[in-house]
Asker: 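Handing you this structure, nothing more for now.
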Amino acid sequence: MSSDCIFCSIVDGDVPGRIVREGAGVTAFLDVNPLAPGHVLAVPNDHMERLQDVPDEEAEDLYRVIHDLVPAIEEAVDADATNVAFNNGPAAGQEVPHLHCHIVPRFAEDSGGPIHAAFGDRPDLDDEELDGIADRIREH
Ligand code: 5GP
Ligand code: ZN
């Protein structure tokens with residue numbers, strides 16, 4: 001645990017949180033400043049900052065919780081859909097440096113957009129550049 005981390009404090013019960021699921025090394029609770037009713041954050045209990053910090057053997061536990069929570073949340077708030085996303089690192093908008101998955105209910109008539117709306121201009125990449133990027137990702 002990190003002593004000055006708000007999400008560690010919620011996981012440890014030192015700060016109250018509206019916890020909706022506990023177990024398998026993952027805790028989920030309502031976001032205190034929700035983007036929609038039913039906005040939930042799912043976090044690993046151990047303090048880690050980014051997705052790439054999740055130990056291999058714990059990666060499936062995190063996905064399992066997300067997999068279970070999505071239908072439960074949609075049914076609980078009668079949502080039509082959900083956006084499920086990680087702000088993975090400060091440059092991607094992560095403000096709380098304890099890895100968390102946002103599960104945000106969506107409604108047909110809400111004023112939100114797709115995750116694509118978080119981005120500005122799209123890069124103009126030709127075939128050679130796209131091939132090079134795909135090659136480098138495969139190599140790594
Ligand atoms: P980020 O920008 O880091 O991906 O999102 C952090 C999220 O944590 C925000 O949606 C914010 O409302 C939520 N948050 C920040 N502090 C607290 C807190 O003390 N309790 C809860 N439940 N959520 C918090
Ligand atoms: Zn933490």
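Numbering of ligands and ligand atoms starts at 1, following listing order.
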Asker: Please give me the minimum heavy-atom distance between A108 and D80, naming the atom from each residue.
Answerer: N-OD2, 2.7 Å
Asker: Which atom pair, heavy atoms only, marks the closest approach of F7 to V43?
Answerer: CD1-CG1, 4.0 Å
Asker: Show the atoms of ligand 1 that are less than 4.0 angstrom away from any heavy atom in V96.
Answerer: 3 (O), 6 (C)
Asker: Which heavy atom of D61 sits nearest a heavy atom of A24, and at what distance?
Answerer: CB-O, 3.5 Å
Asker: Do me a favour and list the nearest non-hydrogen protein atom to atom 22 (N) of ligand 1 with residue, atom name and distance?
Answerer: L30 O, 2.9 Å
Asker: Nearest heavy atom to atom 17 (C) of ligand 1 wins, so pick from I19, V32, N33.
Answerer: V32
Asker: With the Zn ion (ligand 2) as the reference point, give the N/O/S atom of H47 that is nearest.
Answerer: ND1
Asker: Does H98 form a ring-ring contact (aromatic ring centres under 6.0 Å, His included) with H100? I'd like the steps, not just the answer.
Answerer: CA-CA 6 Å; H98 182 134; H100 50 282; 7.9 Å; no
Asker: For the CD atom on E129, are there more than 12 heavy atoms of other groups (residues, nucleotides or ligands in this structure) within a distance under 6.0 Å?
Answerer: yes
Asker: Nearest non-hydrogen atom to atom 11 (C) of ligand 1 belongs to which of I10, V104, D31, V40?
Answerer: D31
Asker: Using a strict cut-off of 4.0 Å, indicate which atoms of ligand 1 neighbour a heavy atom of E95.
Answerer: 1 (P), 2 (O), 3 (O)
Asker: With a 4.0 Å cut-off on heavy atoms, is F7 touching ligand 1?
Answerer: yes
Asker: Could you establish whether G17 and ligand 1 come within less than 4.0 Å of each other, counting only heavy atoms on the residue side?
Answerer: no
Asker: At the Zn ion (ligand 2), what is the angle formed between atom SG of C5 and atom SG of C8, rounded to the nearest 10°?
Answerer: 120°
Asker: R138 and D135: salt bridge (charged side-chain N to carboxylate O under 4.0 Å, His left out), yes or no, with the steps?
Answerer: CA-CA 5 Å; R138 279 186 216 104; D135 284 344; 2.7 Å; yes
Asker: Based purely on interatomic distance, does I6 place a nitrogen or oxygen under 3.5 Å from a nitrogen or oxygen of ligand 1?
Answerer: no
Asker: Check ligand 1 against G93 and write out every atom of the ligand that is under 4.0 Å from a heavy-atom position of the residue.
Answerer: 1 (P), 2 (O)
Asker: Between R106 (side chain) and G112 (backbone), is there a donor-acceptor pair under 3.5 Å?
Answerer: yes
Asker: Give the atoms of ligand 1, by number and element, whose distance to some non-hydrogen atom of F29 is under 4.0 Å.
Answerer: 22 (N)
Asker: Just one of E49, Q52, Q94 clears the side-chain hydrogen bond (donor to acceptor under 3.5 Å, both in side chains) bar with N88, so which one?
Answerer: Q52
Asker: Kindly give the atom name of the N, O or S atom of H98 closest to the Zn ion (ligand 2).
Answerer: ND1
Asker: Just need the protein heavy atom nearest to atom 6 (C) of ligand 1, so name the residue and atom and give the distance.
Answerer: H100 NE2, 3.5 Å
Asker: Using 30° and 60° as the class boundaries, would you call the ring planes of H39 and H102 parallel, tilted or perpendicular?
Answerer: tilted
Asker: Considering only heavy atoms of N87, which atoms of ligand 1 have at least one such atom less than 4.0 Å away?
Answerer: 1 (P), 2 (O), 4 (O)
Asker: I'd like to know if the side chain of D46 and the backbone of G25 have a donor-acceptor N/O pair within less than 3.5 Å.
Answerer: no
Asker: Could a heavy atom of H102 be found less than 4.0 Å from some atom of ligand 1?
Answerer: yes
